[in-house]
Every structure is written in structure tokens, then in C-alpha cells.
Amino acid sequence: MNYWLMKSEPEECSVDDALAAKNATVPWVGVRNYQARNFMRDGMQVGDGVLFYHSSCAEPGIVGIARVASGAYPDPTQFDPTSPYHDSKSRKEDPRWLLVDVQVVEKTRNLTLPELRANPALEDLVILRKGNRLSITPVEATHWRLITRLLGTR
DNA sequence: GCCAACGTTGGC
DNA sequence: GCCAACGTTGGC
């Protein structure tokens, strides 16, 4: 069992949007970074824990607990010319971009970025490192336990 | 809107 | 393979 933090812009897909989806599950479309793709392809397993993070918004922070709900499969938006995620160089027989389904387990309060930064025990959290822009990052089990405790989940 | 940090592209 | 130019991310 591994743990991950996954960023989403709330204007694109908020935790509420995900909760409103069927089975509270959404396909994590739009990842266009090889390292992030490889985490989904090689690192994730169904059932892995996910911290649902809101980025590029007024109050960035962790807003929910989720789980990986599928294995990696081709992101259909790469083949859609009308999608902002369209990739004309990706070919159907050899898809460049993958996604996993993510199921929200529970919406939490917003554990904000300043709060995360204020906690010395979290200084090694990848997302807090300077210059980090990866939309999917691994989370250590100790960090997962601390964060879920701070969020007030079981 | 600004800008630091980083990834990607493409000429050589 | 190098590296400058460019585009993107994302907090502020």
C-alpha cells in the first residue's frame, strides 16, 4: 500500500465535483508530465491512499482523502482535438498519456499550505520542497498518518 | 500580474 | 549530447 498526493485545480475538478460524480469517482485526466505519468503507471495500485489537493486557487491545501480506484489506462482526452489536453503526437496504438480513476473517500476541512509548512514534521513532504511542480507525488507513510490525523479522520 | 523553478523542444 | 529559448506551474 502506497500513498500519494494529487493536485487538482478546483476550477477544473474540485473535491466537490469529484464527490458529485458517480461512485464519487473521477478519471484523473490531463496529466502531461512523464514523471507523474510513471507514478500512475508503475507506482500506483488499486486501494492506494490519495491526498486530494487543491492548487492554483485562493486557498491551496489538502481538502479530502481519496483512493486509487483503477489501474492505469490511456487518457482519452489526448485523442480529442477539442480538448485542452489534446496531444497530436500521441498515437492510439501507442498512447503517450495514462490516467487512473480516483475515488473520494471523504471530504475534509482544508488543511492549508501555510498549515502544512508550519509543521516541522512535514518539512520533507515533496510538495513543500522549493520549486516542486509535480502534480502527483509520493507521500511517506509517516506523513500520511500525521496528515490524516491533522485532518481529523479516523 | 509577477516571477522562480522546472520541463520540453529543437538547432547545432 | 549540449544548452538556449520557450512554455508551464503555481504560490503570492
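Throughout, protein chains are lettered first and strands after them, A, B, ... in sequence-line order, and every chain is numbered starting at 1. Keep in mind the model is a prediction, meaning the values are calculated, not measured.
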Query raised in the report: With sequence neighbours left out, what residues match A:Lys22 under side-chain contact (heavy atoms from CB on, under 4.5 Å)?
Result: none

Query raised in the report: What string of B, S and - do you get for nucleotides 3-12 of chain C 5' to 3' if you count protein non-hydrogen atoms under 4.0 Å?
Result: ----BBBBSS

Query - Candidates A:Arg96, A:Arg32, A:Gln78 - the one meeting side-chain hydrogen bond (donor to acceptor under 3.5 Å, both in side chains) with A:Ser90 - result: A:Gln78

Report task. Quick one: which residue pairs count as a ring-ring contact (aromatic ring centres under 6.0 Å, His included) with a foot in residues 31-58 of chain A, not counting sequence neighbours? Result -> A:Trp4-A:Phe39, A:Trp28-A:Phe52, A:Tyr34-A:Trp97, A:Phe52-A:His54

Query - Heavy-atom side-chain proximity of A:Glu115 to A:Asn119 below 4.5 angstrom - result: no

Query raised in the report: With no hydrogens and no angle check, do the side chains of A:Tyr85 and A:Asp80 hold a donor and an acceptor under 3.5 Å apart?
Result: no

